[in-house]
Enquirer: 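This structure is in structure tokens; I'll ask about it shortly.
Start at 1 and go down the list; that is how both ligands and their atoms are numbered.
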Amino acid sequence: MPHAPRKIIIDTDPGQDDAFAILLALASPEDVEVLGIVAVAGNVPLALTQKNTRMICELAGRPATRVFAGSDRPLKRKLVTAEHVHGKTGLDGPVLPDPVMPLQDQHGVDFIIETLRREPAHSVTLCPLGPLTNIAQAFMQAPDVVGRVQQIVLMGGAYFEVGNITPAAEFNIYVDPEAAEIVFKSGVPLVVMPLDVTHKVLTTRARVEAFRGLGSEVGRVAAEWADFFERFDMEKYGSDGGPLHDPTVVAYLIRPDLFKGRHINVEIETGSELTLGMTVADWWGVSGRAVNAFFVGDVDAQGFFDLLTERLARL
Ligand code: BDR
Ligand code: CA
């Protein structure tokens, strides 16, 4: 049965893996309608994430996509970045032309608020792929929009995999734990893609060669991004490839059947210096605290890569 595409706002800090998520969404108009993409400071500062977002849209052949700049720093803390993973531009690897398409004048947070007020209640899904600063800002500035969000499907956190930026915390949550706390306490239905699942979608040689084998510019660039991005985690974990974290969010919207998880309580640590940004996930249901998230733990990894490759082939 054909269904109307789901309206989404992508909130992002590209990042090679963010780039895959954006390409997957732009290649899937029958599944998702991208109302706009908001950049946030994260992997690299905002000046780079907004520029990278536009470069990715142009690579996809979608220069009419509306791209906004959002917050340039976390709510209360100094920005922590991840050039050690993504390179100094955030999108190191292949060299792409500077973007020509414009950055929208409106602030990204205002765009999120205005869109949620304009569109019918419960018809817009937010897809955060970076620190949750913009979403928390929107919820603080306009509490009336919180109840209008259909769902938030985000990449962030970890339970069994614990942390990547510290021993206890995953990068997106660690960078702005106060923002994450606002989002996790908001009451909006949450779907969480933690490291537990993203560490299962690895860019093995065969999968990267499948991107390259598309024979297109997008296929070549995707393969070169994967080549660059994977070295960090392969050295660190001794794995067969790098984890393609962020496109799990968009893949979930297209093929939720590829994923398995549990409805559980997840709280964010904002006090302890030692475990700052930890997602305390009650996977075993021992706390008695109210369920606030669908926390994903497993994925059909090959099904995920088949979907991604098939969609990239369209661009
Ligand atoms: C997350 O942090 C960023 O480096 C990636 O883009 C992803 O969103 C993984 O911890
Ligand atoms: Ca990201």
Enquirer: Does D17, backbone or side chain, put an N or O under 3.5 Å from an N or O of ligand 1?
Expert: yes
Enquirer: Look at the side chain of D72 and the backbone N and O of L46, then say whether any donor-acceptor pair between them is shorter than 3.5 Å.
Expert: no
Enquirer: Hey, looking at atom 1 (C) of ligand 1, which of M193, E161, H199, E170 has the closest heavy atom?
Expert: E170
Enquirer: Which of these, T12, T49, N52, sits in a side-chain hydrogen bond (donor to acceptor under 3.5 Å, both in side chains) with D18?
Expert: T12
Enquirer: Can a cation-pi geometry be assigned to R262 and W284, taking NZ or CZ under 6.0 Å from the six-membered ring centre and within 45° of the ring axis?
Expert: yes
Enquirer: Within the stated cut-off of 3.0 Å, is an N/O/S atom of D17 closer than that to the Ca ion (ligand 2)?
Expert: no
Enquirer: Does ligand 1 have a heavy atom under 4.0 Å from the side chain of V85, from its backbone, from both, or from neither?
Expert: neither
Enquirer: Would you mind listing which atoms of ligand 1 come within a distance below 4.0 Å of any non-hydrogen atom of L129?
Expert: 8 (O)
Enquirer: With a cut-off of 3.0 Å, does L129 put an N/O/S atom close enough to the Ca ion (ligand 2)?
Expert: yes
Enquirer: For atom 3 (C) of ligand 1, what's the nearest protein heavy-atom neighbour? Residue, atom name and distance, please.
Expert: N43 OD1, 3.1 Å
Enquirer: In terms of relative ring orientation, are H245 and H199 parallel, tilted or perpendicular, with 30° and 60° separating the classes?
Expert: tilted
Enquirer: Please check if the number of heavy atoms outside R73 that lie under 6.0 Å from its CZ is greater than 12.
Expert: no
Enquirer: Considering only non-hydrogen protein atoms, determine which one is nearest to atom 8 (O) of ligand 1 and report residue, atom name and distance to 0.1 Å.
Expert: D246 OD1, 2.7 Å
Enquirer: Which atom name would you report as the N, O or S atom of D13 nearest the Ca ion (ligand 2)?
Expert: OD1
Enquirer: The test is side chain to side chain contact (heavy atoms under 4.5 Å, CB included); show your working for L59 and V218 and say whether it passes.
Expert: CA-CA 7 Å; L59 173 70; V218 167; 4.0 Å; yes
Enquirer: Using the ring centroid of each side chain, check whether F20 and F211 are separated by less than 6.0 Å.
Expert: yes
Enquirer: Taking only non-hydrogen atoms of Q16, do any sit less than 4.0 angstrom from ligand 1?
Expert: no
Enquirer: If only side-chain N and O atoms count, and only distance matters, is there a donor-acceptor pair under 3.5 Å linking Q106 with R66?
Expert: no
Enquirer: What atoms in ligand 1 come closer than 4.0 Å to a heavy atom of H245?
Expert: 9 (C)
Enquirer: Considering just N/O/S atoms, say which atom of D246 is closest to the Ca ion (ligand 2).
Expert: OD2
Enquirer: Heavy-atom contacts under 4.0 Å between T198 and ligand 1: side chain, backbone, both, or neither?
Expert: neither
Enquirer: Taking N or O atoms only and a 3.5 Å limit, does L195 qualify as a polar contact for ligand 1?
Expert: no
Enquirer: Does D196 reach the main-chain N or O of Y159 with its side chain, forming a donor-acceptor pair under 3.5 Å?
Expert: yes
